[in-house]
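Note sheet for the following structure.
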Number of protein chains: 2
Amino acid sequence: MTSTLGYAILAILARHPRSGYELSTAMSRPLGYFWTARHSQIHPELQRLVAARQVSFEQVPGPGPQDKKIYSLTDEGLAALRQWVVEPPQIRPERDEMVLKTYAAWLADPAELIRLFRDQLEAHERRLSSYEEQRASMPEAPAHGSPAFGNYATLWCGISYENHRIAWCRWMIGQLGTDRDLLEKNDQLSASLYPSWDAVKPSES
Amino acid sequence: MTSTLGYAILAILARHPRSGYELSTAMSRPLGYFWTARHSQIHPELQRLVAARQVSFEQVPGPGPQDKKIYSLTDEGLAALRQWVVEPPQIRPERDEMVLKTYAAWLADPAELIRLFRDQLEAHERRLSSYEEQRASMPEAPAHGSPAFGNYATLWCGISYENHRIAWCRWMIGQLGTDRDLLEKNDQLSASLYPSWDAVKPSES
DNA sequence: CTCAACTATGTCTAATCTGACATAGTTGAG
DNA sequence: CTCAACTATGTCAGATTAGACATAGTTGAG
């Protein structure tokens, strides 16, 4: 019944109570690296969670114009979150635009592709350093029952992911950088569409 | 103007013409590993692409009840696809449910978590073997201008990704398997919510 | 012969999510 | 003082997507 976004909110509130505004800033960085939501999604979801008695709130006069609503988990919310954590995840279909571009990369100019992958490589290297910095200011092996374990384990995943992505970008740049195909390039790009498609088995995907 | 789904369709049609039905089967396996769509999404999108003159179709009496519509790229569609390939990808926010569960993993029973991560590990190992099989029946280094290069490069990415994921699952299982915290477990799980939250700096996310 | 699986195209509702719109007080830089 | 940035909560229109509904002929197993 509760959506995954709902559980994301519960997971943050389990650390400590927050306002909707604080939740939306938390969902951009660093938690936003694996789950994002705008405030326009968070506010209605909080109302739903309150209706479902999984969170409650307390009105506090904040520094801003309006009263802050500080949300916290109810016992019911905590129980639901605990149950959800160990359930197998929904199979969300992967939709990776870079891989899709790669699937069609044979149609493009290698020099332009190299530029694209160099930019990607830089972005992933930047994110990796940011992760490494975070790891440096973190205890080595937090106890499983402490929130720090959640931070530590997600960070480990992020570092592993960025390393994978960096390796792949470097491999692509290497592949595209060989001279052999740069020479063939012009022929290939000017070749007509479907040169002999009815001679090709459709099973080749 | 054209959506990413539109480019996914163009990318498949660039290999060779297909019907909407064939597109939807292609979008489940193996292309579905990085881009999925149901036929209920594909048919309307094809109508849009026809209206935009990026694809055209030819009616063919198929084996089924209705005429097959065989779609193929127009020159305009091919040009649009080529341009899109080298453009920087949209920043799609990551939404990884397993990592979200990991973020909240400190709340759960380590034994149940191990079960969860073992299942994930097995799933990723299965997918990796399927990728390795595909690689075995594939030329070593296809020319950049041939569709086989697209297959080869996406497969390389998939193998790298599964290796990262497998490494992370194994690391998690190792972390959770230590006895030290199994002993602490009962204390932690029965600890009350927010034991001293107002003593904690809210900056700790 | 019957039934299930496959081929083939389409529509519709509901959920999720983005980006814009709307309002409004505080704080600090120049 | 003024203006931008920040804090703070909310709504709404539109795009994307999943899952169900709808129809209907062919093919092969038992």
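Keep in mind it's a predicted model, so treat the numbers as computed, not measured.
For S40(B) and dG19(D), a side-chain-to-base donor-acceptor distance below 3.5 Å is present, hydrogens and geometry of angles not being considered.
With dT18(C), dG10(C), dT7(C) as the choices, the nucleotide that has an atom nearest any side-chain atom of Y21(B) turns out to be dT7(C). Nearest to the side chain of Q47(A), among dA8(C), dG10(D), dA18(D), sits dG10(D). Looking at the side chain of R38(B), the nearest of the listed nucleotides dT16(C), dG19(D), dT9(D) is dG19(D). Side-chain atoms of H39(A) lie closest to dA20(C) of the nucleotides dT7(D), dA20(C), dT18(C). Out of dA8(C), dC17(C), dT9(D), the shortest distance to the side chain of Q41(A) is found at dC17(C).
Per the geometry, CG belonging to D67(A) stands 13 Å off P belonging to dT26(C), to the nearest Å. If you measure from atom NZ of K68(B) to atom P of dG25(D), you get 18 Å, rounded to the nearest angstrom. The CD atom of E22(B) sits 10 Å away from the C1' atom of dT7(C) (whole-angstrom rounding). The CG-C1' distance, from L46(B) to dA8(C), rounds to 13 Å in whole Å. Rounded to an integer number of Å, the gap from CD of Q90(A) to C1' of dT17(D) is 13 Å. In this entry the distance linking CZ of R18(B) with P of dT7(C) reads 13 Å, nearest Å. A straight line from NE2 of H43(A) to P of dA22(C) spans 18 Å, rounded to a whole angstrom. Atom CD in E97(B) sits about 11 Å away from atom P in dC17(C), given to the nearest Å.
Both distances falling under 3.5 Å, in either a Watson-Crick or a G-U wobble arrangement, place dT26(C) opposite dA5(D). dG19(C) is paired with dC12(D) under the Watson-Crick or G-U wobble criterion, all donor-acceptor distances under 3.5 Å.
Contact detail for V85(B) and A105(A): the closest heavy-atom pair is CG1-CA, 4.1 Å. Residue P44(B) comes nearest to H39(B) through the heavy atom pair CD-O, 4.2 Å, listed as atom of the first residue, atom of the second, then distance. Across all non-hydrogen atoms, the minimal contact from Q120(A) to C169(A) is CB-SG, 3.9 Å.
In terms of position on DNA chain C, the residue among K69(B) and R95(B) whose nearest nucleotide sits closer to the 5' end is K69(B).
Salt bridge absent: E162(A) and R165(A) never bring a charged side-chain N and a carboxylate O closer than 4.0 Å.
Side-chain atoms of Y161(A) and R127(A), non-hydrogen and from C-beta on, never get closer than 4.5 Å to each other.
When the side-chain nitrogen and oxygen atoms of R92(A) are compared with OP1 and OP2 of dC17(C), one or more of them lie within a distance under 4.0 Å.
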